[in-house]
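The structure displayed is predicted, hence computed values, not measured ones. Sequential numbering from 1 along the given sequence is applied to the chain's residues.
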Amino acid sequence: MTVAGTPTAVVTGASSGIGAATARQLAAAGHHVVLTARRKDRIEALAAEINAAGHSATAHVLDVTDRAAVDAFAAELGRLPSVDVLVANAGGALGADPVASGDPDDWRQMYETNVIGTLHTTQALLPALTASGNGTVVILSSTAGFATYEGGGGYVAAKHAEHVLAETLRLEIVGTPVRVIEVAPGMVKTEGFATTRFRGDTERAAKVYEGVAEPLSADDVADTITWAVTRPHHVNIDLLVVRPRAQASNTKVHRELS
């Protein structure tokens, strides 16, 4: 249950990694957090954890690629006093094959989750965010949205599209009481990103971070998102790129290998 005057933040992909960390930090910053993801057990456990800590959270199972489900979710949120923040975090990468042999189904799934899922949630919640008088859309993109690398064609294409979505939306709704913030992380070591990308191959996933003493953590990115969201509302952090110190670009990483 929300308390009148408490801002509500919706976080997609909140079952793990950056989404879960962002939910914890926004809740600690005074938001009622609505957790969404497909994994019911994960988000219910996280909501219980947040509530036990004295903060406020509810869990809603949601597949952001299902437009009917997203619209029903938005209608249910209409019973809340307001919806103030959307953190469009749901996404991910699949495979690292070259363009010549990449699986079109992987490309399609990445586009559906990263881009169409963000589009669905943004379209569905934008009226409520506008009605709040101080709405914020946070789109979690990636440094892959600005520079390509070998084996990343499908993911890079999706993240380029997500960046364009954020940039275009900001142009189109200027003059309304809604900010559009884009946070673009570089190398982040989370519990499942690389493992999912390499279809459970933990050895291959570990090589992504091999020799990097301090890649970003989910908490590092969540801290960045929470900072941007909690700026005075006339302050819009259009684009914030955050990388570990060891990473100068998508393809230039300092590794300490023996």
Side-chain angles (χ1 to χ4, degrees), residues 1-2 6-20 22-23 26-27 31-40 42-44 46-47 56-92 108-142 145 158-159 161-183 225 228-229 233 236 238:
M1 181 179 294
T2 61
T6 300
T8 294
V10 175
V11 182
T12 69
S15 59
S16 63
I18 293 170
T22 299
L26 285 175
H31 292 75
H32 167 68
V33 180
V34 180
L35 314 171
T36 77
R38 291 175 298 177
R39 292 182 286 184
K40 183 175 186 287
R42 288 282 194 110
I43 55 173
E44 287 185 345
L46 179 56
S56 178
T58 53
H60 293 260
V61 176
L62 183 66
D63 178 352
V64 296
T65 68
D66 182 341
R67 184 53 185 260
V70 172
D71 286 341
F73 168 68
E76 186 175 346
L77 286 182
R79 295 198 291 269
L80 295 175
S82 67
V83 178
D84 306 273
V85 179
L86 165 64
V87 180
N89 165 74
R108 188 174 295 110
Q109 185 173 337
M110 285 186 283
Y111 197 88
E112 285 287 337
T113 306
N114 290 280
V115 186
I116 303 303
T118 296
L119 179 66
H120 284 168
T121 53
T122 301
Q123 287 182 335
L125 295 182
L126 193 56
L129 292 166
T130 304
S132 76
N134 279 318
T136 300
V137 176
V138 180
I139 292 178
L140 194 77
S141 62
S142 166
K159 286 302 183 181
E162 201 170 11
H163 165 66
V164 169
L165 188 160
E167 195 170 63
T168 306
L169 177 64
R170 191 179 302 113
L171 292 171
E172 291 173 344
I173 66 171
V174 67
T176 71
V178 178
R179 301 181 293 186
V180 180
I181 295 169
E182 180 183 358
V183 175
I225 293 169
V229 168
H233 207 270
N236 195 108
D238 283 17

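With a 4.5 Å cut-off on side-chain heavy atoms, Thr136 and Leu129 do not count as touching. Looking at Ile43 and Thr36, their side chains never come closer than 4.5 Å, going by heavy atoms from C-beta outward. For the pair Thr130 and Pro177, the minimum side-chain heavy-atom distance is below 4.5 Å. No side-chain heavy atom of Val11 sits under 4.5 Å from any side-chain heavy atom of Val85. You'll find the side chain of Asn89 stays beyond 4.5 Å of the side chain of Ile225, heavy atoms only. Two residues are said to be in side-chain contact when any heavy atoms from C-beta on lie closer than 4.5 Å; Val10 and Thr121 fail this criterion. Two residues are said to be in side-chain contact when any heavy atoms from C-beta on lie closer than 4.5 Å; Glu44 and Val61 fail this criterion.
A distance-only check finds a donor-acceptor pair linking the side chain of His233 to the backbone of Gly135 [under 3.5 Å]. Side-chain atoms of His31 come within 3.5 Å of backbone N or O of Leu26 as a donor-acceptor pair. Remark: side-chain polar atoms of Asp84 are not paired, donor with acceptor, to backbone N or O of Ala9 under 3.5 angstrom. When atom types are taken as modelled, the side chain of Thr12 and the backbone of Ala90 share a donor-acceptor pair closer than 3.5 angstrom.
Shown here for Arg42 and Ser16, the closest heavy-atom pair between the two residues is NH1-CB, 3.5 Å. Closest heavy-atom contact between Arg179 and Val229: NH2-O, 2.8 Å. Leu125 and Ala74 make their closest contact through CD2-CB, 3.8 Å (heavy atoms, listed as atom of the first residue, atom of the second, distance). In plain terms, the two heavy atoms of Glu162 and Asn114 that are nearest each other are OE2-O, 3.1 Å.
Within the structure, every pair that satisfies the salt bridge (Lys or Arg N to Asp or Glu O under 4.0 Å) test and touches residues 108-117, not counting sequence neighbours, is listed here: Asp105-Arg108. Listed by first then second residue, pairs satisfying salt bridge (Lys or Arg N to Asp or Glu O under 4.0 Å) with a partner in residues 124-142 number zero, not counting sequence neighbours. For residues 164-173, the set of pairs meeting the side-chain hydrogen bond (donor to acceptor under 3.5 Å, both in side chains) definition, not counting sequence neighbours, is empty. Pairs passing the salt bridge (Lys or Arg N to Asp or Glu O under 4.0 Å) check and including a residue from residues 68-82, sequence neighbours excluded, read Arg67-Asp71, Glu76-Arg79.
Rounded to the nearest 0.5 Å, atoms CD (Gln109) and OG1 (Thr65) are 8.5 Å apart.
In this view, Asp66 and Asp63, Ala68, Ala69 satisfy the side chain to side chain contact (heavy atoms under 4.5 Å, CB included) rule, not counting sequence neighbours. Considering only residues two or more places apart in sequence or on other chains, Ser141 meets the side-chain hydrogen bond (donor to acceptor under 3.5 Å, both in side chains) condition with Glu182.
Using modelled atom types, one finds a donor on one side chain and an acceptor on the other under 3.5 Å when comparing Ser15 with Arg39.
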